[in-house]
Amino acid sequence: MYPFRKIEAKWSKKWQTSKVYEPNLDKAKKPFYNLMMFPYPSAEGLHVGNMYAFTGSDIYGRFKRMSGNDVFEPMGLDGFGIHSENYALKIGKHPAEQAKVSEKNFYKQLQMIGNGFAWNEHLETYDPEYYKWTQWLFIQMYKNGLAYRKKQAVNWCPSCKTVLADEQVEGGKCERCGTIVVKKDLEQWFFKITKYADRLLKNLDKLDWSEKIKIAQRNWIGKSTGSLIQFKISNFKFQNNIEVFTTRPDTIFGATFLAVSPELAREWISAGWSENKEVVEFINKTIKGRGDTAAEAIKEKEGIDSRLKAVNPATGEEIPIWVVNYVLPGVGTGAIMGVPAHDERDMEFAKKFNLPVSNAPLVDADVITKKVKGKRTTNYRLRDWLISRQRYWGPPIPMIYCDKCGWQPVPEKDLPVLLPKIKDFRPTGTDKSPLATHKEFYEVKCPNCKEKARRETDVSDTFLDSAWYYLRYLDPKYKNGLSNPKRIKRWLPVDMYIGGAEHAVLHLLYVRFVALALHDWGYVDFEEPFKQFRGHGLLMKDGAKMSKSKGNVINPDEYIKKFGADAIRMYLMFLSPFEDGGEWRDEGLTGITRFLERVWKMGDQVTGNKQQVTSNWIHAHIKKITEDIETLHYNTCISELMIFLNNLSEKGGTKADFNVFLKLLAPFAPFITEELWSELGNKKSIHSESWPEFNARHIMQKYFDLVIQVNGKVRAKVAAQVGLSESDARKLALKSEKIGNALSNKEVKKVIYVQNKLINFVV
RNA sequence: GCCCGGGUGGCGGAAUGGUUUACGCAGAGGACUUAAAAUCCUUGCCCAAAUUUUGGGUUGUGGGUUCAAAUCCCACCCCGGGCACCA
């Protein structure tokens, strides 16, 4: 085995001191910001899935560096928040203590994987110098009317003991712990992401992002166009109208009832409506039931006739108003027109409760909307971002409540609001954060009137920390704002962002929203933070996602120690296309270790000219690898490198040829290539060298295999000269005995000739 | 139910209208060796006839377009992922 341990340790150190991976952030001429999603240190150490993602991103960065760009590839830790806190709780440590341990472990491991990180710019979201600006961001949201408090039914995770945003509920379960989420009526802080729904949707068309992610975001934003239509209520003293939203105003003649959510009906009760005991009971029961089963789908349609009547504005007919469980609050107006003839759900309901079904004709949507004095409108599925968390390990929300002055932001000069180190950091489960029991924390003076006031004790969502980190990397110590404005101009937006596709509607949506807000406030001149985004696939083991409970987790350290980082990097990238993910199988490593051994030996075998590339066949390899690395098809790059090496040993190559090979291999296996490169007498780091260029002239071959087909079936292959004419090809084909036999006694009806490829006789 | 991927040897995968199975793993045979490991070479789907050649078939299934289909079109089956009484 080649001495990878020695080599990898040696070059890790040298790269650090020689600063190969530190671009000049103020003067770089061709800045290229190569960003990867920073990890949550929510385990003992780095997961091989992290290494998979980082290697794929690093290869791209190294390729761009060798192609003449000043590549900036920073790394940090998304260490604040529920992920890390849950881990600390699990192992019974204080999150602040655990953060120090994780930080050390993660950074040690991140040094080993062979990435070209710009370590000068590392950052941690729990650093007060960082979260000072997360808090500043909250205050700007508040000052610009994008942060507000509201009481409503919100998602509550009984295990994490905190509220969650809609994006953090997956199939009715908590994104973090998998517990079934319930609904609770609570007053919370929200960010008005819905204000940007339309721009978040429209801008997607301009982005060079994985199509999958764009589709997921479009679906999540969920734009639908329809009409708002008022229905008069004929026998109700508290209210004259009900407004419904419908995407099918053209079916209004078939509307035979109105269906309202129990939440809407409850508002009428608060207004004094309590005429019927049964109806009131139904409303209370249904709302309560929702709290228990949370986001679970309603299995059976239930409803009750409210005894109120509405008038269908199209027909003038009086129709009943029902309170039903299948109309949800916060969707549209919380009231719909029931059209059994055109809606499956309304039909199901109508059948169950014997409501009439009318097969009235369809009409033009625009015309009818106008006629009934309705309004054409757009509705979005997207909800505002619930930002409060009743947890400890996060940035305290920088707001103060005063009985006299109401909510006041903490003055910017007083930031950061430091998270105090308390002993009772465990989530309380009482709708309040652990900080709510600490007077020394929450007893403050009102910034406005200086009277006694109370500090907000909730912290903000982890996803706010990561919604702006790419800005901070540019100057992690910057004192006068989020980040250094000159560097923002030079480096942003990010040129390439690579990370997990599971963040499609979480991080990747929030980060776009925050950028839009910063743009509108004048802090950045771009609307979209990432020009390109590519989502990598999932790394599996034994047909399943790696997880500790399944016992199929691969520890990268162990394998790096045994085979070297270069081997693991290459093995991971050789599995399958990077964007598809792949399955880890120990046996597969053999092929790569053999390959690297042969590369090592080749260093001694090549001789001859060092200056000039003599073998023309290498140009085709350069072309293929260059094109495939651009599209992240790393598995085929590695295959091509293997063929290149086979050719070097079969056809024999010079030192110059081998130099080209090493350069092409360098992004994948940075250590061994650097070592061999220096052994061949090169002074500069291979990673600062220029990427090989190919000459199309040399790729042109003289001969090719002419495929001869009869009726589309391959009958023979003969060597032929490139540029062969059709008639010569025909002659050549007929010379072959097989073809002669196949064509004898048959009339050739047609001949198809594809230059430099094949000839097909149709008989 | 809706949306998005995908289905190719024993396995991971390659090929996006023109030679199916590049590259690699595993397997079989051989060389080297006292032996083993390592290394190197050969081999590599199915069926039939003939004895190492010939013919036919083969990219989830069925159909279509085309001189030619893994690739394009239609229908269906299966697997993975996302969304889900969104009005």
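What you see is a predicted model, and the numbers here were worked out from it, not measured in a lab. Just so it is clear: chains get the letters A, B, ... in the order the sequence lines come, proteins before strands, and each one is counted from 1.
Against the 90° criterion about 0, the sugar-base torsion of B:rG9 places it in the syn range.
Between A:Glu597 and A:Lys601, none of the side-chain N atoms (NZ, or NE/NH1/NH2) sits under 4.0 Å from a carboxylate O, so this pair counts as no salt bridge.
A distance below 6.0 Å separates the ring centres of A:Phe349 and A:Trp322.
Figure legend: cation-pi geometry between A:Lys301 and A:Tyr326, with NZ or CZ positioned under 6.0 Å from the six-membered ring centre and within 45° of its axis.
Side-chain N/O atoms of A:Trp385 and A:Glu167 include no donor and acceptor closer than 3.5 Å.
Each of B:rA68, B:rG24, B:rC85 was ranked by its minimum atom distance to the side chain of A:Leu328; first place goes to B:rC85. Of the candidates B:rU19, B:rC25, B:rC85, the closest approach to any side-chain atom of A:Lys717 belongs to B:rU19. Checking B:rA22, B:rC67, B:rU19 against every side-chain atom of A:Ser639, the shortest atom distance belongs to B:rA22.
Regarding contacts with the backbone of B:rC4, every side-chain N or O of A:Lys212 stays at 4.0 angstrom or more from both OP1 and OP2. Contact annotation: A:Asn635 side-chain N/O to B:rA14 OP1/OP2 distance is under 4.0 Å.
Using a 4.5 Å cut-off on side-chain heavy atoms (C-beta onward), A:Trp209 and A:Gln217 make contact.
Between A:Asp628 atom CG and B:rA15 atom P the separation is 7 Å, expressed in whole Å. Between the CG atom of A:Leu596 and the P atom of B:rU39 there is a distance of 13 Å, given to the nearest Å.
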- Dot-bracket encoding per residue of RNA chain B, Watson-Crick/G-U cut-off under 3.5 Å, | denoting interstrand: (((((((..(((.....[....))).(((((.......))))).(((((...)))))..(((((..]....))))))))))))....
